[in-house]
Amino acid sequence: MELPTRYTPADHEQSIYELWEESGGFQPTPDPTGEGRRFTVVIPPPNVTGALHMGHALNGTVQDIVIRHRRMCGYETLWVPGTDHAGIATQAVVEKRLFQEEGKKREDLGREGFLSEVFKWKEEYGARILTQFRRLGASCDWTRTRFTMEEDMSRAVRVSFERLWQKGLIYRGMRLVNWDCVLETAVSDDEIENVERKGKLWYIKYPLKARPGEFLTVATTRPETMLGDTGVAVHPDDERYKELVGTTCVLPFVDREIPILADDTVDAGKGSGAVKITPGHDPADYERGARHKLPTIIILEKDGKLNQEGGPFAGLSRELARKEVLAKLEELDLLEKIEDIVHNVPLSDRSKSVIEPLVSEQWFVKMEPLARPAIEAARSGRLQFRPARWEKVYLQWLENVQDWCISRQLWWGHRIPVWYDEDETPIASSEPLEIGSPHPDTGKPIVRQDEDVLDTWASSWLWPFGTLGWPQETKDLHSYYPTQFLSTGRDIIYLWVARMVMAGYEFMDQLPEEERCPFAICNIHATVLDAKGRRMSKSLGNGIDPVDMIEQFGADAVRYSLILLTKEGQDTKLAPEKIDQGYRFGNKVWNAARFVLMNLDGERLEGASSSAERLEDRWILSRLRETISSTQLALEEYRFNDAAMGLYAFVWNDFCDWYLELAKPRFSNPDDPTGPAVRGILSRVLGDILGLLHPFTPYMTEILWKARAEALGQGEVPMLMNSAFPTGDRLEADVEAERDMERIQDVVRAVRQVRMLTQIGERKPIEATISAPKSEDLRALEQHKPAVCAMAHLESYEVAADVARPPGTVSAVSGSLQIFVRLGEEVDLEDLRTVFEKRLGKMDKALQGIDKKLSNPRFVENADPELVEADRARRAELELEMGMLRQNLEGF
RNA sequence: GGGCGAUUAACUCAGUGGCUAGAGUGCCUCCCUUACAAGGAGGAGGUCGGGGGUUCAAAUCCCUCAUCGCCCACCA
């Protein structure tokens with residue numbers, strides 16, 4: 001196979017992906033060890049409205065790394081893909097499009113007609129994001145792709161609802177909910193966002209009933225809601241108002257007499273110290289109203305217009321009503337003053353419109369009983385968060401959990417499986433009830449099904465087992481539940497993660513307690529920000545499209561860059577040029593592989609690891625062993641960044657910069673007897689590098705794997721994806737080789753430094769004399785002359801335990817080693833002197849630090865003896881090296 | 001109001017009690033050396049946000065302040 005000098009991802013990615021998919025490797029295959037190890041991940045189902053963004057790309061990469069790694073380790077792996085119908089979001093998108101393109105509202109089409117429009121839309125766009133996941137290289141089992149609105153999932157939702165109903169955990173009630181006036185539905189507390197905005201605080205005078213001409217002033221940011229007031233509250237200890245408590249005032253415009261009462265939730269320091277109570281339209285007032293048994297008056301229609309309770313303002317929109325109310329108050333001289341303030345305004349996540357708290361009839365789930373086992377799951381360690389600090393966030397929400405408003409006044413979603421008879425007696429049923437059939441409890445004919453649909457999370461919380469077939473006892477459910485790893489963003493810890501855990505414990509009760517938690521690890525990935533540290537968003541237009549990046553740099557580069565940039569859970573600022581780092585690394589691997597392969601020539605190379613003939617061979621194999629084991633450990637512990645950084649350093653610094661360079665003269669010389677050995681080792685190390693990198697950069701490694709097999713004359717080999725992850729089984733740690741190699745690197749670097757700083761020239765052949773007072777250094781340098789000479793471009797050198805500086809030479813110093821290099825006539829030593837002086841300065845500082853420690857008896861007594869010994873040795877070394885540096889500086 | 005995270009080289013980030021505090025990018029010098037110039041070699045550059053404390057020893061642990069960001073909170 002001819003490999004171009006640059007890696008060109010676009011030429012390979014699609015065909016490689018097809019090969020993977022056709023191989024069946026994305027589908028689970030039994031653990032070959034017979035131990036039955038399984039590893040399951042369910043994808044956080046992206047919204048069908050969505051397109052891949054950087055958060056998805058990062059999370060997709062993380063999941064794919066885990067899955068590919070476990071697959072290569074022999075686990076029976078399954079990664080379940082799918083999409084979420086995302087009730088509100090999708091309905092809003094389709095409604096908007098319908099209105100813009102055809103000028104129609106959903107009511108014009110009717111429920112059936114509208115739903116078929118949404119399904120059409122879903123068919124057209126729903127798969128797009130999954131296609132983009134494929135481009136990323138995601139090794140999902142696409143034969144198991146699920147959608148939260150498909151029939152099986154709908155049934156799962158109905159069954160879950162019925163079960164909660166039977167346990168008495170579902171109730172219907174008039175409650176204050178967050179109302180989205182644009183989408184005309186209730187939304188949950190978790191779907192609103194408080195945004196700080198400039199506003200005004202209006203001070204309104206309410207006439208006192210018993211004292212004509214006197215007023216009680218209340219302050220409000222929402223004057224129009226006064227039409228729904230049914231009381232005024234002051235703090236019980238507030239001297240200003242004490243005597244008014246128990247009396248009444250009269251609400252302007254509607255002439256309602258409302259009581260003035262004392263409530264200790266009132267903050268006397270805020271506003272006027274008196275707060276109007278609007279139980280129908282304010283959460284705090286709802287509580288106060290209930291406490292004091294005040295009536296609740298609802299003044300808004302579903303679309304935000306005032307109803308007949310608005311009196312003279314009936315029919316106006318809430319915005320207009322506010323203006324009119326204020327104008328009228330002004331006219332009546334009831335407006336005392338106006339203050340400018342900054343306050344929080346609740347906005348709907350979906351429509352971005354201001355939420356109106358509104359009392360309405362909704363369905364709720366009692367959450368406290370469901371929360372208990374979910375809390376216990378985290379406390380007991382059965383569920384672990386990565387990073388661990390997110391556990392606190394999870395627990396805090398669960399411990400203060402509010403009942404869940406699960407009804408939505410939408411059409412796109414799972415219709416609430418509740419039917420009513422002619423007396424409006426409700427009954428939940430997992431099997432749809434026919435109109436006219438008898439009500440299971442009352443026997444009276446069923447007349448209608450509830451109009452509302454369920455919150456979208458009422459289906460997504462079933463995802464980890466619903467996708468595996470629940471409520472049926474399928475083989476998949478048996479085999480793959482519970483899952484091992486879930487990775488998602490922090491913004492849905494409450495919305496989704498906590499609810500999935502609750503659902504797992506609640507609905508998987510056929511399993512023993514310890515197997516119900518839907519996943520063992522919940523990984524909260526980093527947030528990808530723009531270059532300025534802002535969230536990427538459509539409105540800011542600062543998003544970086546992963547698909548663009550994949551097209552420009554390749555999927556491997558996007559994956560590797562994202563992992564290099566995101567130390568576990570730490571947010572990252574991303575700019576397109578940062579993807580370049582991943583590409584450059586890929587290109588480095590590509591070229592290293594190309595170089596190795598062009599020198600293999602179809603030789604059969606076996607037993608590479610046992611034929612290490614030279615120091616560098618032993619060294620690279622020892623380094624390889626260390627890299628394999630640290631990568632394996634990091635991946636087992638979900639430390640992706642550590643793994644990627646470690647591989648980066650091993651491949652680039654150890655393998656390319658040193659081993660390949662040392663290998664060059666050996667196989668370019670046909671007479672070199674170590675040629676076969678070096679080729680064997682190169683092929684071995686390359687093979688393992690490809691295996692280690694495969695979870696991170698699957699495409700490129702797969703191509704190179706095939707090329708390697710060809711170069712080795714192996715013919716058809718299994719794809720890398722389906723091959724075993726490298727193990728260091730046949731490798732041993734070689735401490736001596738690593739130590740010797742370090743000395744050699746020291747010498748080479750020292751010579752290079754002298755060459756550069758004195759402008760001898762990097763490659764000019766020179767001779768050297770080395771003083772190596774330590775016996776092991778002396779041995780190493782005598783033994784490994786070819787390596788030193790090759791890398792430092794020395795013709796030859798002499799080495800002895802103690803050598804005086806020969807005349808006409810300058811010396812490079814490294815540790816206890818001194819390398820004397822013969823210089824030409826006119827050489828400028830200034831740069832070298834500067835560097836040596838600077839180094840001396842640093843070393844002197846270090847020496848002082850050590851002296852301070854060693855002269856302190858408490859250190860010598862308390863510290864680890866090994867540490868003290870190390871410091872003594874270090875001190876001796878420093879002194880020696882400094883002495884040599886000084887001597888040299890004198891000679892300059 | 002409460003909680004969490006961040007603050008280390010010009011930039012983006014590693015480093016959680018003990019080597020002369022590291023990497024990538026950028027910068028300076030040299031090199032097209034037959035894998036890669038999207039490369040190689042060498043170099044410059046940091047009082048680790050401020051202050052206090054614990055310790056023989058602090059970028060690292062504790063307290064406090066500052067700045068930035070995120071989340072939660074009845075937000076009149």
Side-chain angles (χ1 to χ4, degrees), chain A residues 3 5-7 194 196 201 218-222 233 265-267 270-278 282-288 343-346 387 389-390 392-393 396-397 400 490-491 493-494 527 529 531 533-535 564-567 569-575 577-578 580-581 583-584 587-599 641-642 645 648-649 656-657 660-661 664 668 749 752-757 759 761-763 793 831 834-835 838-839 841-847 849-850 852-864 867 870-871 874 877-878:
Chain A
L3 302 176
T5 57
R6 273 169 59 175
Y7 174 51
N194 288 307
E196 214 168 64
L201 190 58
V218 299
T220 180
T221 55
R222 296 188 298 152
T265 62
V266 176
D267 183 342
K270 268 188 194 170
S272 65
V275 61
K276 58 198 271 310
I277 304 177
T278 322
D282 184 278
D285 291 354
Y286 183 75
E287 300 289 326
R288 291 184 187 121
H343 64 136
N344 284 325
V345 177
R389 67 185 132 88
W390 294 109
K392 200 169 161 182
V393 175
Q396 203 165 25
W397 184 79
N400 300 292
R490 70 193 55 159
D491 49 333
I493 291 177
Y494 319 131
T527 303
L529 306 167
R534 301 170 303 181
R535 272 189 116 82
L564 284 177
L565 286 168
T566 52
K567 179 69 188 175
Q570 187 57 51
D571 292 353
T572 187
K573 295 178 197 170
L574 182 70
E577 60 269 22
K578 290 203 191 173
D580 200 41
Q581 192 184 358
Y583 178 76
R584 283 154 70 149
N587 200 48
K588 188 76 180 173
V589 175
W590 180 263
N591 275 292
R594 210 163 59 84
F595 181 60
V596 169
L597 299 184
M598 72 174 63
N599 286 292
N641 178 266
D642 288 350
M645 298 274 244
Y648 188 99
C656 293
D657 290 349
L660 279 183
E661 293 304 323
K664 277 179 186 174
S668 64
R749 288 195 191 102
R752 282 173 178 167
Q753 188 183 44
V754 171
R755 282 178 178 276
M756 283 300 288
L757 294 174
Q759 286 152 15
E762 206 179 325
R763 320 194 68 189
H793 296 108
D831 289 346
T834 311
V835 167
K838 194 158 281 176
R839 204 160 112 201
K842 275 190 165 181
M843 292 170 80
D844 193 50
K845 223 175 96 186
L847 189 70
I850 290 178
K852 204 175 136 198
K853 275 200 265 179
L854 288 175
S855 63
N856 187 333
R858 295 163 78 183
F859 169 66
V860 182
E861 285 159 26
N862 299 339
D864 187 339
L867 213 58
D871 269 340
R874 177 86 199 119
E877 189 122 325
L878 272 172

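Each chain gets a letter, A, B and so on, in the order the sequences are listed, and its residues count up from 1. Computed from a prediction, not measured in an experiment: that's the story for all the values here.
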Taking atom [atom1] in both [N] and [M], compute the distance separating them and give it to the nearest angstrom.
{"N": "rA57(B)", "M": "rG49(B)", "atom1": "C1'", "value": "23 Å"}
{"N": "rG46(B)", "M": "rU12(B)", "atom1": "C1'", "value": "16 Å"}
{"N": "rG53(B)", "M": "rG42(B)", "atom1": "C1'", "value": "44 Å"}
{"N": "rG52(B)", "M": "rC71(B)", "atom1": "C1'", "value": "30 Å"}
{"N": "rA59(B)", "M": "rA21(B)", "atom1": "P", "value": "10 Å"}
{"N": "rG17(B)", "M": "rC74(B)", "atom1": "P", "value": "39 Å"}
{"N": "rG22(B)", "M": "rA9(B)", "atom1": "C1'", "value": "10 Å"}
{"N": "rG24(B)", "M": "rG45(B)", "atom1": "C1'", "value": "15 Å"}

remark   = Whichever of V860(A) and N641(A) has the more 5' nearest nucleotide on RNA chain B, that residue is N641(A)
ask   = Of R535(A) and D571(A), whose nearest nucleotide on RNA chain B comes first from the 5' end?
value = D571(A)
Closer than 4.0 Å, any side-chain N/O of [X] to the OP1 or OP2 of [N]?
{"X": "K664(A)", "N": "rU33(B)", "value": "no"}
{"X": "K578(A)", "N": "rC11(B)", "value": "no"}
{"X": "R594(A)", "N": "rA35(B)", "value": "no"}

Pairing nucleotide - [N], Watson-Crick or G-U, each distance under 3.5 Å:
{"N": "rG24(B)", "result": "rC11(B)"}
{"N": "rU54(B)", "result": "none"}
{"N": "rG69(B)", "result": "rC4(B)"}
{"N": "rA35(B)", "result": "none"}
{"N": "rA41(B)", "result": "rU29(B)"}

ask   = Hey, is the main chain of A274(A) close enough, under 3.5 Å, to the side chain of S272(A) for a donor-acceptor pair?
value = yes
key: Donor-acceptor pair, side chain of Y583(A) and main chain of Y7(A), under 3.5 angstrom   = yes
Worked check of side chain to side chain contact (heavy atoms under 4.5 Å, CB included) between R534(A) and L529(A) = CA-CA 5 Å; R534(A) 301 170 303 181; L529(A) 306 167; over 6 Å; no
Report the nucleotide, chosen from [options], that has the shortest atom-to-atom distance to any side-chain atom of [X].
{"X": "Q753(A)", "options": "rG42(B), rA35(B), rU20(B)", "answer": "rG42(B)"}
{"X": "R749(A)", "options": "rG42(B), rC56(B), rA35(B)", "answer": "rG42(B)"}
{"X": "K853(A)", "options": "rA41(B), rC4(B), rG18(B)", "answer": "rG18(B)"}
{"X": "N344(A)", "options": "rA73(B), rU12(B), rG5(B)", "answer": "rA73(B)"}
{"X": "R288(A)", "options": "rU12(B), rC74(B), rG24(B)", "answer": "rC74(B)"}
{"X": "M598(A)", "options": "rA35(B), rA14(B), rU12(B)", "answer": "rA35(B)"}
{"X": "R389(A)", "options": "rG5(B), rC75(B), rA35(B)", "answer": "rG5(B)"}
{"X": "L565(A)", "options": "rU12(B), rU20(B), rG42(B)", "answer": "rU12(B)"}
{"X": "A284(A)", "options": "rC74(B), rC56(B), rG5(B)", "answer": "rC74(B)"}
{"X": "Q581(A)", "options": "rG24(B), rG42(B), rG43(B)", "answer": "rG24(B)"}

key: N/O donor-acceptor pair, side chain E661(A) with base rA35(B), under 3.5 angstrom   = yes
inquiry  = Whether the side chain of N194(A) and the base of rC75(B) hold a donor-acceptor pair under 3.5 Å is what I'd like checked.
reply    = yes
If you look at every strand shown and take non-hydrogen atoms under 4.0 Å, does [X] touch a base, only sugar-phosphate, or nothing?
{"X": "I277(A)", "value": "nothing"}
{"X": "A592(A)", "value": "base"}
{"X": "V266(A)", "value": "base"}
{"X": "R534(A)", "value": "nothing"}
{"X": "K567(A)", "value": "sugar-phosphate"}
{"X": "K838(A)", "value": "sugar-phosphate"}
{"X": "Y7(A)", "value": "nothing"}
{"X": "R874(A)", "value": "base"}
{"X": "Q396(A)", "value": "nothing"}
{"X": "D267(A)", "value": "base"}
{"X": "N591(A)", "value": "base"}

request  = Identify the residue among V266(A), D267(A), D282(A) that makes a side-chain contact (heavy atoms from CB on, under 4.5 Å) with V275(A).
outcome  = V266(A)
Could you tell me how far apart [X] ([atom1]) and [N] ([atom2]) are, to the nearest whole angstrom?
{"X": "R584(A)", "N": "rG24(B)", "atom1": "CZ", "atom2": "C1'", "answer": "8 Å"}
{"X": "L3(A)", "N": "rA35(B)", "atom1": "CG", "atom2": "P", "answer": "14 Å"}
{"X": "N599(A)", "N": "rC36(B)", "atom1": "CG", "atom2": "C1'", "answer": "14 Å"}
{"X": "L847(A)", "N": "rC19(B)", "atom1": "CG", "atom2": "C1'", "answer": "13 Å"}
{"X": "K588(A)", "N": "rG39(B)", "atom1": "NZ", "atom2": "C1'", "answer": "6 Å"}
{"X": "D657(A)", "N": "rA35(B)", "atom1": "CG", "atom2": "C1'", "answer": "12 Å"}
{"X": "D580(A)", "N": "rU12(B)", "atom1": "CG", "atom2": "P", "answer": "18 Å"}
{"X": "K842(A)", "N": "rG43(B)", "atom1": "NZ", "atom2": "P", "answer": "11 Å"}

ask   = So R594(A) and N591(A), side chain to side chain donor-acceptor pair (under 3.5 Å) or not? Walk me through it.
value = CA-CA 5 Å; R594(A) 210 163 59 84; N591(A) 275 292; 3.0 Å; yes
query = Quick one: does NZ or CZ of K664(A) land under 6.0 Å from the six-membered ring centre of F595(A), within 45 degrees of the ring axis?
reply = yes
ask   = Rounded to the nearest 0.5 Å, what separation is found between the OG1 atom of T527(A) and the CG atom of D491(A)?
value = 7.5 Å
key: For N641(A) against L565(A), the heavy-atom pair lying closest together   = ND2-N, 4.4 Å
ask   = Can you check salt bridge (Lys or Arg N to Asp or Glu O under 4.0 Å) on R874(A) and D871(A), steps first, answer last?
value = CA-CA 5 Å; R874(A) 177 86 199 119; D871(A) 269 340; over 6 Å; no
